[in-house]
Number of protein chains: 4
Amino acid sequence: MDWLSQIKKFIGKEFKLSPSPFMAWLSPVVLKAEKGSLEFEYIVRSEWLNPIGNLHGGVIAAIIDDTIGATMFTFNEDNFHITLNNSIDYLSIAKNGDKIIASTKVIKKGRQFVLAECELWNEKKTRLIAKGTSNLFKTSVNTK
Amino acid sequence: MDWLSQIKKFIGKEFKLSPSPFMAWLSPVVLKAEKGSLEFEYIVRSEWLNPIGNLHGGVIAAIIDDTIGATMFTFNEDNFHITLNNSIDYLSIAKNGDKIIASTKVIKKGRQFVLAECELWNEKKTRLIAKGTSNLFKTSVNTK
Amino acid sequence: MDWLSQIKKFIGKEFKLSPSPFMAWLSPVVLKAEKGSLEFEYIVRSEWLNPIGNLHGGVIAAIIDDTIGATMFTFNEDNFHITLNNSIDYLSIAKNGDKIIASTKVIKKGRQFVLAECELWNEKKTRLIAKGTSNLFKTSVNTK
Amino acid sequence: MDWLSQIKKFIGKEFKLSPSPFMAWLSPVVLKAEKGSLEFEYIVRSEWLNPIGNLHGGVIAAIIDDTIGATMFTFNEDNFHITLNNSIDYLSIAKNGDKIIASTKVIKKGRQFVLAECELWNEKKTRLIAKGTSNLFKTSVNTK
């Protein structure tokens, strides 16, 4: 299936087509979509905060995991990719109402394995909030 | 503040006292609480699922990050601990409606740094779903 | 091939049978060997030190990677396992001449993937020096 | 101390000035040195090989850890930086006699914490062999 074209239709808009209920909950707006890379924007909501009023590290981890997984669809393969691991470094904070941008990149796409990264930025992309890396494995599960 | 006693009051019940809005959204039931270790139970909800109907890796990451952070409060220190990094390995799946158990352990508590782990299990603790490790750093931010 | 029996013959002695030149350079003494777990002892040598006279983190990483890889042989499978990633947390130091003990454990052995850990301890196993985790993948390369 | 100028004197030559015995054993040739980034070249030696004749993952980890640590000296601070963790992804192989290039980059330099990466490439930098990331912490230990 041509997932990439489907995602591109939502550039500038909330991505409503996701087969993932959790991505729907995160409500990303698509900024860019190309083969091997996505850029999604989010608005930090009050239920995303930690005990001291900053964006919760768990939500950061969730966004990074979700955008990396979504990036696998930009290859227009119908095989589902499972995430083997995810390693995240936390660098800065975000506050309620802030726009934040998740930007993904594929480091290596092998026949079976993919290594991909996600950087989470503030709205102007001047300050890195977190960076995560995942190994993924192409399964025979069909997502079409 | 005696956070540990506060948490213990919720054993067998949903933890309603959290100062974290995101933890409230995750809605953990406290199973065990002691110095350096927590056990929280969750029920997998439909909005926690990924495109193929399994518990989303992002929610797994969020639960692991949240329970490790919460474990810092069991030391009854009022300093907020920031999470420097989180490394997660994904091992198995969970389905909508499943009960899952997050169990944390502190590997080392130094003067400034803490290394802690979280294992996410199925309800009977016979199958490991994921395992995560974080380095945390004790800040001067007061959470009292 | 019955690798496990071969390794067990070296309990209490330096392991001389390794097909790995780098393991030979590390010169481990076998303390324990069983299915899914190895315990190797090393003496910290002067060329293993960092700029401030402690055991170099790079040597720690090398020992952890090597012992985890060696642990795959205890399953007596002839397939070579490649290491996909390795995540290490550094907790304490060791000095020139110290004996240190690497102890490995398999967290999950799937059909294709293995998750394994290694703890590096001081001689009395009272102080954890470092802990590492790797995902490995069973290849079709035969090591017999 | 002006470490950066000292390192630059060795561009094109083996770095003989290291206060680290283990770096001396690794015998890097300095290709580039600037504030926050180093490029070191190595020749894969026979004692660096694994059981199937490829560059051992442990040596890869050691090189990544060592070059990231050395990069801290390019800031010309006399405080020793300890490495808190190191997360490595393995992507490709190298063979005996191959030249390989480690290239480091600082992602964030905070007041106390540094996040840095190292990519390990083949000689022509057309194929990524491994990539590692570390969190480091500036201590009060003086390395002058």
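Just so you know, these numbers come straight off a predicted model, no measurement behind them. So you know, we letter chains A, B, ... as the sequences are listed, proteins then strands, and number each from 1.
- The CD1 atom of I100(C) sits 12.0 Å away from the CD1 atom of I93(C) when rounded to the nearest 0.5 Å.
- Residues of residues 53-66 of chain C having a heavy atom under 4.5 Å from any heavy atom of chain D, listed by number: H56(C), G57(C), G58(C), V59(C), A61(C), A62(C), D65(C), D66(C).
- Proximity to chain D (any heavy atom under 4.5 Å) is shown, for L49(C), by both the backbone and the side chain.
- Not one N or O on the side chain of S87(D) forms a donor-acceptor pair closer than 3.5 Å with the backbone of S87(C).
- For T83(D), the parts lying near chain C are the backbone and the side chain together; criterion is any non-hydrogen pair under 4.5 Å.
- Looking at every heavy atom in both residues, I68(C) comes nearest to L136(C) through CG2-CD1, 3.7 Å.
- Among S134(C), A70(C), P21(C), the residue making the largest number of heavy-atom pairs under 4.5 Å with chain D is P21(C).
- Per-residue counts of heavy-atom pairs under 4.5 Å with chain C were compared for M23(D), K131(D), E47(D); the largest is that of E47(D).
- Comparing L26(D), L91(D), L84(D) by heavy-atom pairs within less than 4.5 Å of chain C, the highest count is held by L84(D).
- At least one cation-pi condition fails for K16(C) and F10(C): the charged atom is not both under 6.0 angstrom from the six-membered ring centre and inside a 45 degree cone around its axis.
- W25(D) does not carry R45(C) over the face of its six-membered ring by the limits of under 6.0 Å from the centre and within 45° of the normal.
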Begin with the C-alpha distance, continue with both residues' side-chain angles, and end with the deciding distance and a verdict on side chain to side chain contact (heavy atoms under 4.5 Å, CB included) for F80(C) and N50(D).
CA-CA 11 Å; F80(C) 187 69; N50(D) 73 9; 4.0 Å; yes
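- Donor-acceptor pairing under 3.5 Å is lacking for the side chains of N142(C) and D78(C).
- Judged by distance alone, the side chain of T139(D) and the main-chain N or O of V141(D) form a donor-acceptor pair under 3.5 Å.
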